[in-house]
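The shown structure was predicted, so the numbers you read here are calculated from the model rather than taken from an experiment.
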Amino acid sequence: DGIFLAEDQFLLPDPEIEKYAFEFFGELKKLNYKKEIFFNSSALINQNPALLKLIKDAGVNSTYLVMGFDPGCVARYAGRG
(Lines give C-alpha, C1' and ligand atoms only; values in the text may rest on other atoms or scores of the structure.)
Protein backbone atom coordinates (compact mmCIF):
# COMPACT_ATOMS: atom_id res chain seq x y z
CA ASP A 1 0.00 0.00 0.00
CA GLY A 2 1.69 3.18 -1.15
CA ILE A 3 3.10 5.03 -4.13
CA PHE A 4 5.78 3.90 -6.59
CA LEU A 5 7.19 6.77 -8.64
CA ALA A 6 8.49 5.33 -11.89
CA GLU A 7 10.58 8.34 -12.86
CA ASP A 8 14.30 7.63 -13.00
CA GLN A 9 15.36 11.21 -13.76
CA PHE A 10 14.55 12.92 -10.43
CA LEU A 11 18.16 12.84 -9.23
CA LEU A 12 20.07 13.42 -12.45
CA PRO A 13 22.57 16.26 -11.90
CA ASP A 14 21.08 18.72 -14.38
CA PRO A 15 19.76 22.22 -13.50
CA GLU A 16 16.41 21.79 -15.31
CA ILE A 17 15.81 18.36 -13.80
CA GLU A 18 16.77 19.66 -10.36
CA LYS A 19 14.23 22.47 -10.72
CA TYR A 20 11.58 19.91 -11.72
CA ALA A 21 12.50 17.69 -8.75
CA PHE A 22 12.27 20.60 -6.29
CA GLU A 23 8.83 21.52 -7.64
CA PHE A 24 7.56 17.93 -7.68
CA PHE A 25 8.76 16.97 -4.21
CA GLY A 26 7.67 20.33 -2.80
CA GLU A 27 4.12 19.60 -3.97
CA LEU A 28 4.33 16.00 -2.74
CA LYS A 29 5.40 17.25 0.70
CA LYS A 30 2.32 19.53 0.82
CA LEU A 31 0.11 16.45 0.38
CA ASN A 32 1.40 15.07 3.70
CA TYR A 33 1.02 11.53 2.35
CA LYS A 34 1.46 9.04 5.20
CA LYS A 35 1.97 5.74 3.36
CA GLU A 36 5.09 4.30 1.73
CA ILE A 37 6.67 6.28 -1.10
CA PHE A 38 9.24 4.50 -3.25
CA PHE A 39 10.96 5.66 -6.42
CA ASN A 40 13.61 4.53 -8.85
CA SER A 41 16.59 6.65 -9.80
CA SER A 42 19.63 6.70 -12.00
CA ALA A 43 22.94 6.03 -10.29
CA LEU A 44 24.03 9.52 -11.41
CA ILE A 45 22.84 11.09 -8.18
CA ASN A 46 22.44 14.83 -7.67
CA GLN A 47 24.19 15.44 -4.35
CA ASN A 48 22.43 18.71 -3.49
CA PRO A 49 21.73 18.33 0.27
CA ALA A 50 18.66 20.60 0.09
CA LEU A 51 17.08 18.42 -2.61
CA LEU A 52 17.88 15.16 -0.80
CA LYS A 53 16.38 16.55 2.42
CA LEU A 54 13.25 17.69 0.59
CA ILE A 55 12.82 14.21 -0.92
CA LYS A 56 13.09 12.67 2.56
CA ASP A 57 10.76 15.28 4.06
CA ALA A 58 8.23 14.63 1.27
CA GLY A 59 7.95 11.09 2.61
CA VAL A 60 10.15 9.04 0.29
CA ASN A 61 11.48 6.19 2.38
CA SER A 62 13.19 4.00 -0.21
CA THR A 63 14.65 4.13 -3.69
CA TYR A 64 15.92 1.71 -6.30
CA LEU A 65 19.06 2.74 -8.17
CA VAL A 66 19.27 1.67 -11.80
CA MET A 67 22.87 0.58 -12.27
CA GLY A 68 22.96 -0.75 -15.82
CA PHE A 69 21.61 -0.63 -19.33
CA ASP A 70 19.71 -3.19 -21.33
CA PRO A 71 21.54 -4.54 -24.44
CA GLY A 72 19.52 -2.33 -26.79
CA CYS A 73 20.57 0.86 -25.01
CA VAL A 74 24.19 -0.27 -24.82
CA ALA A 75 24.22 -0.88 -28.60
CA ARG A 76 22.56 2.45 -29.31
CA TYR A 77 25.00 4.47 -27.18
CA ALA A 78 27.91 2.52 -28.66
CA GLY A 79 26.75 3.50 -32.15
CA ARG A 80 25.59 0.00 -33.14
CA GLY A 81 21.85 0.51 -33.01
Side-chain angles (χ1 to χ4, degrees):
D1 200 23
I3 296 175
F4 173 67
L5 303 171
E7 170 58 87
D8 62 355
Q9 296 187 27
F10 281 128
L11 292 179
L12 289 177
D14 175 85
E16 289 297 314
I17 293 173
E18 182 179 85
K19 180 182 175 204
Y20 164 64
F22 268 107
E23 291 171 1
F24 181 90
F25 287 105
E27 293 299 315
L28 184 60
K29 182 178 177 182
K30 289 178 190 176
L31 293 176
N32 200 26
Y33 186 77
K34 296 296 184 189
K35 296 182 181 180
E36 298 246 347
I37 301 175
F38 173 87
F39 80 104
N40 62 314
S41 174
S42 164
L44 299 170
I45 295 176
N46 181 329
Q47 297 181 25
N48 181 333
L51 178 58
L52 298 175
K53 182 177 183 326
L54 176 59
I55 291 170
K56 179 183 127 336
D57 291 348
V60 173
N61 55 357
S62 58
T63 187
Y64 171 80
L65 295 180
V66 179
M67 302 294 288
F69 295 97
D70 63 85
C73 288
V74 171
R76 184 174 191 185
Y77 285 109
R80 298 187 306 261

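Between Tyr20 and Leu12, every side-chain heavy-atom pair lies at or beyond the 4.5 Å cut-off. Residues Ile17 and Asn46 have side chains not in contact (no heavy-atom distance under 4.5 Å, counting atoms from C-beta outward). Put simply, the side chain of Glu36 reaches to within 4.5 Å of the side chain of Asn61, judged on heavy atoms.
Here the closest heavy-atom approach between residue Ser41 and residue Thr63 is recorded as CB-OG1, 3.9 Å. For the pair Leu51 and Ala21, the tightest heavy-atom approach, listed with the atom from each and the gap, is CD1-CB, 3.9 Å.
Relative orientation of the Phe10 and Phe39 rings is perpendicular, given thresholds of 30° and 60° on the angle between their planes.
Side chain of Asn40 to backbone of Glu7: a donor-acceptor contact under 3.5 angstrom is found.
A salt bridge links Lys30 with Glu27: the distance from a Lys NZ or Arg NE/NH1/NH2 to an Asp or Glu carboxylate oxygen falls below 4.0 Å.
Once rounded to the nearest 0.5 Å, the distance linking CG of Leu11 with CG of Asn48 reads 10.0 Å. Atom CD1 in Ile3 sits 13.0 Å away from atom CZ in Phe38 (nearest 0.5 Å).
Put simply, the residue from Val60, Asp57, Ile55 that forms a side-chain contact (heavy atoms from CB on, under 4.5 Å) with Lys29 is Asp57.
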Open item on the list: Run Leu5 and Phe25 through side-chain contact (heavy atoms from CB on, under 4.5 Å) and show every step you take.
Closed with: CA-CA 11 Å; Leu5 303 171; Phe25 287 105; 4.2 Å; yes
